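One structure is given below, encoded as structure tokens.
Sequence positions, counted from 1, serve as the residue numbers for this chain. As the structure is a computational prediction, the values presented were derived from the model and not from experiment.
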Amino acid sequence: MGPVDPILQSLRALAAGVALDAGLDVVTGEPGSGWAIDPRSGTIHVDPNDLATLPEAELHGLLCHEAAHAAVTRYLWLVPPHLLREPGIAMLLNALEDCRIEDWLVKRLPGTVPWVEAYNDRLFPADGTLEGRPPFVQFCLAIVHAWWHGELPAGLHPAVTEALASTREARRAVVAEAPPVHATPTSDPAYAGSRVARVFERLGEGAVDGFEQRVRLSAARAWQRTWQDVVPVFRELVALSPPDEVKATAAAHMRAHTARWARPPTRRRTLPPVREDLLQAAVEPPPTDDWDTARRDVLPLVDALARHLEAILRPRSLPRWIGGQLAGQRVSLRAAMQREARPEKLDVWERKTLPEKPDPAFLVALDLSGSMQGAGIHWGFRGVVLVAEVLERLRLPFAIWGFQDVPIPFKSRHEPLAVARRALSGMPLEVVARRPGGHNRPEHNWDGPVLAALGARHSGTARTPVLLVVSDGAPSGPERAEEALRVAIHGLPRDVELVGIGIGPEATGVAGLYPRSVVCALEDFPVAIARCLRDALE
């Protein structure tokens with residue numbers, strides 16, 4: 001192998017640690033063959049072209065992805081063979097499984113987050129389009145894109161968009177079905193005598209440890225939810241797709257996919273004798289960073305803000321009966337008596353109102369211009385951290401962006417905070433133009449154009465889209481920056497509720513720019529923002 005031998009040696013150690021399998025080997029395949037795992041031989045095949053050209057972070061991420069399949073993927077021994085041969089089913093299951101194993105991977109090994117980010121951002125670019133692909137292929141690719149970015153890709157067939165919406169909750173449940181992150185040997189009482197156990201016993205894979213039992217049970221639950229709630233919708237998209245493309249695409253994917261997984265691997269739940277630095281980096285969480293530091297500072301305020309928001313999000317009224325209806329649940333006695341004198345009166349029914357409950361989605365935008373250096377970014381960033389920690393606790397959808405001359409994405413709406421935290425930690429570095437791979441143009445603060453773009457993006461995301469802009473109130477731009485900001489505020493979509501936020505002594509300018517604003521010290525923020533949001537959501 002020559003020059004790639006040292007790379008393969010480090011990848012072997014990493015694969016063994018991720019998969020908890022000392023016998024899992026890593027070898028080079030044919031150039032251009034991609035990455036794949038073959039459990040029959042306990043081998044991960046890597047593409048030599050990638051070894052020579054891809055950055056190290058991507059190589060580590062792709063290797064961890066295949067090793068996570070070895071550790072967690074079991075559905076191909078649970079799904080009936082005739083279903084796997086059905087056009088498109090193998091492709092669908094692989095897409096859902098990719099999301100499921102990566103979600104488990106980053107929870108078990110937080111140090112892999114930047115590696116997973118590296119290859120997913122390349123393979124599924126945020127601005128990518130699926131236009132022209134068959135509907136069933138669009139659905140499979142959009143599953144991974146939506147899981148990664150929290151938003152659907154462009155160019156989708158209307159039927160695909162509808163199918164993704166109707167299966168959203170089911171797909172989230174499938175991804176959430178995963179074994180524990182710690183490889184405990186303790187047996188699972190639910191496994192003994194279960195249908196899942198009997199399937200693997202017939203395959204000669206009966207005696208396994210507690211972790212493997214949980215791996216199999218979670219795979220069975222994920223498949224059951226997929227079969228019940230996703231497969232019926234997917235079959236309709238296959239029927240909409242051109243038959244020739246279905247046959248070619250689905251058949252090729254099915255042959256390649258099922259050939260690799262002909263029988264279950266023999267598990268060897270031990271780590272290799274030498275734990276290299278690369279493996280240690282994956283096992284250990286990233287070192288303390290700006291997000292951790294800020295989070296410690298705001299933790300005393302999290303409970304208070306969470307209580308205030310919970311109170312705001314309760315139903316606003318009790319159910320009550322309203323009369324004057326042409327149909328309803330009961331007859332109004334008064335109206336019925338009036339009908340004796342006026343037979344033409346038909347609105348004699350009463351209907352019970354439903355409690356009205358706010359349904360917000362949040363977009364938090366942080367000013368990352370040079371004017372925020374020092375106290376501005378210190379307090380503004382802590383305000384963002386506080387809001388994010390509370391919204392994550394309350395399970396409310398939220399995105400986080402920065403802005404200079406353009407909006408800068410840091411967290412998509414449905415991306416878990418734990419996954420986005422590393423990127424978010426780099427926000428303060430944008431203010432001094434030192435974020436690795438960042439936008440780094442702090443000389444600009446074009447609040448007006450940026451606000452218009454974010455408002456248009458956020459409109460329609462919920463019954464009440466809320467846009468929180470954290471700034472020092474000192475816009476700049478090509479010309480007449482304050483006027484451009486006021487024009488943008490006036491032109492926001494009608495459904496978007498805008499709140500300007502200034503935290504700390506240097507952010508007083510916010511109050512004069514935003515019609516609805518909060519300007520206060522950090523310790524006063526929970527009460528002040530709750531009062532403002534109550535006005536916005538009522």
Side-chain angles (χ1 to χ4, degrees), residues 68-69 72-80 82-84 86-107 120 124 130 133-153 156-180 190 194-196 214-241 246 250 253-254 257 359 361 392 394-398 412-416 418-419 461-463:
H69 271 306
V72 175
T73 297
R74 301 291 181 272
Y75 70 85
L76 280 165
W77 302 293
L78 299 170
V79 179
H82 71 279
L83 288 178
L84 281 176
E86 185 177 323
I89 292 295
M91 190 175 190
L92 169 67
L93 297 182
N94 189 54
L96 288 167
E97 188 71 2
D98 281 349
C99 302
R100 193 174 80 95
I101 61 115
E102 287 186 6
D103 190 68
W104 172 83
L105 173 66
V106 298
K107 288 177 181 175
N120 270 335
F124 298 93
L130 297 180
R133 301 287 190 95
F136 82 102
V137 175
Q138 285 190 353
F139 185 81
C140 295
L141 296 176
I143 284 174
V144 184
H145 189 285
W147 169 77
W148 182 243
H149 294 289
E151 298 177 345
L152 298 180
L156 293 180
H157 188 287
V160 176
T161 303
E162 183 179 348
L164 289 164
S166 67
T167 60
R168 183 183 297 113
E169 292 305 317
R171 290 185 285 110
R172 288 179 183 171
V174 170
V175 173
E177 277 293 354
S194 67
R195 184 171 178 269
V196 177
R214 289 168 174 81
V215 166
R216 296 174 180 182
L217 289 171
S218 66
R221 290 190 295 266
W223 158 243
Q224 184 178 28
R225 187 67 188 266
T226 301
W227 170 250
Q228 291 175 345
D229 298 329
V230 183
V231 169
V233 177
F234 179 73
R235 282 170 166 167
E236 296 177 5
L237 297 178
V238 173
L240 283 176
S241 303
V246 171
H253 189 91
M254 186 269 291
H257 193 48
D359 178 29
E392 183 80 353
L394 299 181
R395 297 184 179 180
L396 293 171
F398 68 100
S412 61
R413 191 150 37 100
H414 296 295
E415 182 181 11
V419 175
T461 55
R463 185 186 302 165

Legend entry - Heavy-atom neighbours of E162 CD exceed 12 at 6.0 Å: no
Inset, instruction - I would like to know whether L92 and F136 meet side-chain contact (heavy atoms from CB on, under 4.5 Å); could you show each step before the answer? - result: CA-CA 8 Å; L92 169 67; F136 82 102; over 6 Å; no
Legend entry - Trace of the side-chain contact (heavy atoms from CB on, under 4.5 Å) decision for T226 with Y75: CA-CA 11 Å; T226 301; Y75 70 85; over 6 Å; no
Legend entry - V196 and W223, any side-chain heavy atoms less than 4.5 Å apart: no
Inset, instruction - Considering non-hydrogen atoms only, spot the tightest contact between Q138 and V160 and give its length. - result: OE1-CG2, 3.5 Å
Legend entry - Nearest-0.5 Å distance that lies between atom CD in E177 and atom CG in L217: 9.5 Å
Legend entry - Between CG on residue L96 and CD1 on residue I101, distance to nearest 0.5 Å: 12.0 Å
Inset, instruction - Would you mind telling me which of T161, V230, V238 makes a side-chain contact (heavy atoms from CB on, under 4.5 Å) with F139? - result: V230
Inset, instruction - Would you confirm whether H157, through its side chain, and A159, through its main-chain N or O, come within 3.5 Å as a donor-acceptor pair? - result: yes
Inset, instruction - Please report the C-alpha distance between I143 and L164 in whole Å, then the side-chain angles of each, then the deciding distance to 0.1 Å, and finally whether the side-chain contact (heavy atoms from CB on, under 4.5 Å) criterion is met. - result: CA-CA 8 Å; I143 284 174; L164 289 164; 4.3 Å; yes
Legend entry - Heavy-atom closest contact (E86 atom, R235 atom, distance): OE2-NE, 2.8 Å
Inset, instruction - Of all the heavy-atom pairs spanning V233 and A163, show the shortest one and how long it is. - result: CG1-CB, 3.4 Å
Inset, instruction - Might you work through the side-chain contact (heavy atoms from CB on, under 4.5 Å) test for F234 and C140, ending with a clear yes or no? - result: CA-CA 9 Å; F234 179 73; C140 295; 3.6 Å; yes
Legend entry - Nearest-0.5 Å distance that lies between atom CD in E102 and atom NE2 in H69: 7.5 Å
Inset, instruction - Assess whether atom CZ of R171 is packed by more than 12 heavy atoms of other residues, nucleotides or ligands within 6.0 Å. - result: yes
Inset, instruction - Can you see which heavy atom on A178 is nearest to which on R100, and at what distance? - result: CA-NH1, 3.8 Å
Inset, instruction - Measure the CZ-CG distance between R74 and L78 for me, rounded to the nearest 0.5 Å. - result: 10.0 Å
Legend entry - Within-4.5 Å side-chain heavy-atom neighbours: P153 and L141: no
Legend entry - Distance in Å, R172 CZ paired with T167 OG1, rounded so as to fall on 0.5 Å steps: 10.5 Å
Legend entry - Straight-line distance of H414 NE2 to F398 CZ, nearest 0.5 Å: 11.5 Å
Legend entry - N/O donor-acceptor pair under 3.5 Å between W104 side chain and A176 backbone: no
Inset, instruction - Indicate yes or no: at least one non-hydrogen side-chain atom of N120 is less than 4.5 angstrom from one of W147. - result: yes
Inset, instruction - Report yes or no: does H145 contribute a side-chain atom to a donor-acceptor pair with the main-chain N or O of E151 at less than 3.5 Å? - result: yes
Legend entry - Heavy-atom closest pair, residues V215 and V72: CG1-O, 3.4 Å
Legend entry - Closest non-hydrogen atom pair, C99 against V144: SG-CA, 3.9 Å
